[in-house]
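Order of listing sets the numbers, starting from 1, for every ligand and every atom in it.
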Amino acid sequence: MKQLIVYTKDYTETQELGRFLGAAAGDNMIFLMKGIIGAGKTTMTQGIARGMGVTRNVTSPTFTIQKIYHGTSMDLYHIDAYRLEGIEQDLGFEDDFDNGGLTVIEWSEFFPGQLPDDYLSVDIRPLEGDRREIVLTAHGKRYETMLEELL
Ligand SMILES: Nc1ncnc2c1ncn2[C@@H]1O[C@H](COP(=O)(O)OP(=O)(O)OP(=O)(O)O)[C@@H](O)[C@H]1O
Ligand SMILES: [Mg+2]
């Protein structure tokens, strides 16, 4: 299965979906979080972290670009590339994608470097009020298998 669409009615449901994704994630996986400012990318990442057994509270890494959290069996690399818009310089982040953990990137469209061919896209689209349409799209077999196992 390549795509899964989930509707949430508040932030707790988005975190719940994140928890399932975090629990299903394998080492060296990449999730690219899409959506406008305030869509819920960081909120979802908090759930992903919980699903990986991270006990620290995940906060927006906007001012540090990358934060690393220790999970039960692997680490979470949380990157927010928003402030990197317009930067041409290669920051060497792509070496980190084989970090043995899960890399979650917000604003990957501003990421100044090569993104991997295989990844899970998590597109959060605000509907009316607190409702969100969340479109999970698998790019690559590993992510397809992960989505199948989520159901
Ligand atoms: N269904 C929902 N799913 C996720 N967040 C929701 C939902 N309903 C309301 N919210 C609220 O929307 C806000 C989302 O903020 P969040 O920081 O997660 O967005 P973001 O996409 O990471 O934004 P940014 O681009 O600035 O990093 C939070 O205050 C959250 O509580
Ligand atoms: Mg954010």
Subject >> Minimum heavy-atom distance between I30 and P116, given as atom pair plus value >> reply: CG1-CG, 3.7 Å
Subject >> For T14, the ligand 1 atoms whose distance to one of its heavy atoms is below 4.0 Å >> reply: 1 (N), 2 (C), 3 (N), 4 (C)
Subject >> G38 touching ligand 1 at heavy-atom level, < 4.0 angstrom >> reply: yes
Original post:
Any side-chain donor paired with an acceptor under 3.5 Å for T14 and T8?
Top reply: yes
Original post:
Under the ring-ring contact (aromatic ring centres under 6.0 Å, His included) test, which residues partner Y69, sequence neighbours left out?
Top reply: none
Original post:
Is any N or O atom of T43, backbone or side chain, closer than 3.5 Å to an N or O atom of ligand 1?
Top reply: yes
Subject >> E106 atom (N/O/S) at minimal separation from the Mg ion (ligand 2) >> reply: OE1
Subject >> Heavy-atom gap T45 to ligand 1 smaller than 4.0 Å >> reply: no
Original post:
What part of E106, side chain, backbone, both or neither, has a heavy atom within less than 4.0 angstrom of ligand 1?
Top reply: side chain
Subject >> Min N/O separation G35 to ligand 1 under 3.5 Å >> reply: no
Original post:
Salt bridge between D123 and K41, side-chain N to carboxylate O under 4.0 Å?
Top reply: no
**OP:** Determine whether the side chain, the backbone, both or neither of I36 has a heavy atom under 4.0 Å from any heavy atom of ligand 1.
**Re:** backbone
Original post:
What do you reckon, does W107 put a non-hydrogen atom under 4.0 Å from ligand 1?
Top reply: yes
**OP:** State, without any angle test, whether E144 and H139 hold a side-chain donor-acceptor pair at a distance under 3.5 Å.
**Re:** no
**OP:** Would you please say whether a donor-acceptor pair under 3.5 Å links the side chains of E106 and T42?
**Re:** yes
Original post:
Of the backbone and side-chain N, O or S atoms of M33, does one lie nearer to the Mg ion (ligand 2) than 2.8 Å?
Top reply: no
Original post:
Short list, please: which atoms of ligand 1 are under 4.0 Å from a heavy atom of T8?
Top reply: 1 (N)
**OP:** Dump the intermediate steps for side-chain contact (heavy atoms from CB on, under 4.5 Å) on V104 and L76, then the final yes or no.
**Re:** CA-CA 7 Å; V104 172; L76 168 64; 3.6 Å; yes
**OP:** Give a yes-or-no answer on whether the side chains of H70 and D75 include a donor-acceptor pair shorter than 3.5 Å.
**Re:** yes
